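Scroll down for the structure; my scribbles are underneath it.
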Amino acid sequence: MRSLMIGVASLMFGLLALASDIPELPSRDAFYTPKAHNWTGEKAGTVLDSRTVTVELPILPGGNIEFEAFQLLYVTQDFDGNKATSVTTIIVPQGANTSRILSYQIAYDSPDINCSPSYGLQKGANRAAVAWTLNQMIFVAEAAADAGSPVLNIPDYEGSNAAFTVGPQSAYQTLDSIRAATKSGHITNIPEDAEAILFGYSGGGYASEWAAEFHHAYASDVKIIGAAIGGPPPNITQTYKNVNKAISSLNVWAMLGVMNAIPKINEYMHSDLKDDHREQFLGALQRCSEPEVSPPKIPNWADVNKWFHNGDEFLTEFEPELREIGVMGNHIEKGKSPSFPVYIYQGSADLITAPYSNTEALKKALCDAGTDVFLVKWKGLGHGNTLFLGTPWAMKWIKKVFNREPIQNGCGDDHEVDPGVGDLAGIFGGYYVDGDSSPGRRLVWGDVEEPLFIQGGAHPADVLGRMEL
Ligand SMILES: *[C@@H]1O[C@H](CO)[C@@H](O)[C@H](O)[C@H]1NC(C)=O
Ligand SMILES: *[C@@H]1O[C@H](CO)[C@@H](O)[C@H](O)[C@H]1NC(C)=O
Ligand SMILES: *[C@@H]1O[C@H](CO)[C@@H](O)[C@H](O)[C@H]1NC(C)=O
């Protein structure tokens with residue numbers, strides 16, 4: 001009897017420990033829903049709620065960094081301009097200069113809200129979310145490791161409806177997260193006049209570029225002093241064509257992300273979807289949701305066009321919408337272009353952003369409108385390798401901008417770096433970090449058939465650690 005009681009007690013203790021160690025999925029977590037009914041009357045950037053969270057950063061090259069982590073539920077707007085809320089995670093390293101905000105737009109690339117960084121960064125989050133959120137913290141570790149380093153603002157910029165690749169919404173929600181950060185001083189110590197630099201790569205570069213483009217019209221009160229943008233896809237229709245049958249899961253995530261935001265497209269795609277691919281296509285909506293039955297995997301070589309009765313006709317049918325949400329540069333003109341310097345880096349062999357000339361055109365548009373741009377072309381590198389090799393240089397640039405050190409206006413020149421290595425794994429190498437380095441709980445990740453590894457599966461810390469900074 002006694003041993004049974006002890007057994008029951010320890011079982012209960014075990015359950016309690018389990019419950020408090022594992023964060024709730026955003027779809028079930030009450031924190032994501034505003035408590036006050038009148039919240040829609042609040043201004044964009046208003047902080048509605050806050051909490052502290054436990055974040056465990058992966059092993060970092062700079063050793064252990066002490067920090068505190070907070071989350072803010074803030075007011076913003078969706079693609080249609082309706083009031084919405086999102087959550088941002090703020091990391092305050094010990095000794096940080098809280099007058100500096102590095103707004104890090106993580107590439108979470110997901111039509112599932114449960115892949116949001118605010119969840120995936122928390123200790124105990126599931127593996128599917130961790131792989132695309134926490135593991136990307138490695139890239140900003142360098143910026144957060146010094147005395148006087150910035151605080152990190154990491155917004156769920158796709159918002160509460162997981163609108164992946166919807167540029168304007170990502171812009172509003174990124175900019176409003178910085179507004180919220182500067183109103184959170186009583187929690188985070190960030191002063192109202194803090195200066196922000198935007199940073200992101202790939203899906204995060206996308207969000208960062210759109211935020212830079214909308215800064216003038218939507219949030220000129222937000223004090224942005226620079227933007228470092230890596231591998232931004234300038235035209236999502238072009239990307240769709242580039243990656244179909246190569247990184248097909250990316251197309252599925254983007255299509256579903258757009259469908260989450262635009263009812264008309266949602267309706268069309270649902271009725272155009274063939275029954276024998278319904279489960280596979282819509283399954284991606286549960287990428288981080290721990291479904292009891294895993295949806296069929298999406299092989300990267302799948303021809304997504306064949307899953308629809310009318311193939312890729314939706315690209316033509318919805319060309320105006322896709323241009324509005326997915327082609328960069330439409331908001332760049334003299335007097336409205338970013339008033340801060342922009343650093344762009346991109347691999348010349350990057351399939352996701354190809355052709356490279358699109359990025360050159362973006363640079364030209366920015367330069368013509370009066371923005372200082374420094375574009376670095378990583379010769380011969382694809383998307384993943386440019387992330388690993390190019391990001392430490394972006395971090396250096398960010399530090400210079402924060403420190404008011406002189407930076408070069410690159411509008412007059414081309415900057416080509418020949419790293420002397422081939423495109424390692426190609427396309428998406430290194431992006432998905434698998435193996436024991438991931439602290440997340442194991443969850444079968446059904447999206448990418450065969451994750452590619454950078455240099456045979458080396459941990460990014462090893463790669464970064466070996467680089468001359
Ligand atoms: C919402 O209600 C609270 C509590 O009554 C009040 O303090 C706040 O000002 C209201 N907000 C708006 C926008 O009306
Ligand atoms: C903190 O950052 C602000 C804004 O960049 C700067 O003006 C200030 O000098 C910095 N303080 C220290 C102690 O470095
Ligand atoms: C975007 O790319 C598509 C596919 O190549 C092209 O047809 C379209 O004209 C591009 N849009 C713009 C605005 O350049």
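Computed from a prediction, not measured in an experiment: that's the story for all the values here. When a ligand or atom number is given, it counts from 1 through the structure's own listing order.
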- Near Gly41 (heavy-atom distance under 4.0 Å), the atoms of ligand 1 are 13 (C)
Would you check if the distance from the ring center of [X] to the ring center of [Y] is below 6.0 Å?
{"X": "Phe79", "Y": "Tyr172", "result": "no"}
{"X": "Phe318", "Y": "Tyr268", "result": "yes"}
{"X": "Phe281", "Y": "Phe308", "result": "yes"}
{"X": "Phe314", "Y": "Tyr240", "result": "yes"}
{"X": "Trp397", "Y": "Tyr343", "result": "yes"}
{"X": "Phe388", "Y": "Phe139", "result": "yes"}

Under-4.0 Å heavy-atom contact between protein and [atom]:
{"atom": "atom 14 (O) of ligand 1", "result": "yes"}
{"atom": "atom 2 (O) of ligand 3", "result": "yes"}
{"atom": "atom 9 (O) of ligand 2", "result": "no"}
{"atom": "atom 5 (O) of ligand 3", "result": "yes"}

- For ligand 2, note which part of Glu195 has a heavy atom under 4.0 Å away: side chain, backbone, both or neither. side chain
- Message: Quick check on contacts: which atoms of ligand 3 are under 4.0 angstrom from a heavy atom of Gln238?
- Response: 2 (O), 4 (C), 5 (O)
- Proximal atoms of ligand 3 relative to Val327 (non-hydrogen, under 4.0 Å): 13 (C)
- If you compare Ile236, Asn235, Thr239 by their heavy atoms, the one closest to atom 12 (C) of ligand 3 turns out to be Asn235
- Task: Looking only at distances, please establish whether an N/O atom of ligand 2 is found under 3.5 Å from an N/O atom of Arg100.
- Result: yes
- Message: Could you tell me, atom by atom, which parts of ligand 2 come under 4.0 Å of a heavy atom of Asn97?
- Response: 1 (C), 2 (O), 3 (C), 8 (C), 10 (C), 11 (N), 12 (C), 14 (O)
- Distance-only polar pair, side chains of Gln346 and Ser348, donor-acceptor under 3.5 Å: no
- Return yes if some donor-acceptor pair links the side-chain N/O of Asp156 with the main-chain N/O of Ser118 below 3.5 Å, else return no. yes
